[in-house]
Amino acid sequence: MLRPRIPTNPLPTGIVTGTARNDVPAVPHQSPAPMSATPAPVRPTVQLTPGAVVAAIGGVTVVVLVVGAVLVSMLLAVAAASLAISALIVRSLVASQNHR
């Protein structure tokens with residue numbers, strides 16, 4: 001479903017493989033690779049199934065909801081502390097007016 005499509009390149013790449021002279025071979029001599037060289041391991045391709053996509057979306061949704069709940073509870077705690085401090089200040093002001 002989500003496989004990359006490798007485009008074909010019909011234009012020349014700029015690599016020159018031949019020469020204009022007749023006395024020079026067109027293909028340069030290449031030495032064979034040493035026998036100790038091992039081919040690179042093939043990496044498995046990542047395939048997303050519909051179930052994996054739903055699970056990923058569900059996981060992200062849970063993370064967003066948890067972070068939102070934590071932030072809201074912190075906001076409420078700060079608001080409660082501010083209200084308590086304001087109540088103490090008002091009480092102190094009212095008590096000081098009564099003594100005068």
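Treat the numbers as computed from the prediction; the structure is a model and nothing was measured.
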Students should find that the hydrophobic cluster of V63, defined by side-chain heavy atoms under 4.5 Å apart, otherwise consists of V67, L71

Students should find that the hydrophobic cluster of L75, defined by side-chain heavy atoms under 4.5 Å apart, otherwise consists of none

Please list every donor-acceptor pair under 3.5 Å in which a side-chain atom of residues 52-62 meets a protein atom from a residue at least two apart or in another chain.
{"from": "T61", "atom 1": "OG1", "to": "I57", "atom 2": "O", "distance (Å)": "2.7"}

Please report, to 0.1 Å, the donor-acceptor pairs under 3.5 Å made by any side chain of residues 77-92, with sequence neighbours excluded.
{"from": "S82", "atom 1": "OG", "to": "V78", "atom 2": "O", "distance (Å)": "3.0"}
{"from": "S86", "atom 1": "OG", "to": "S82", "atom 2": "O", "distance (Å)": "2.9"}

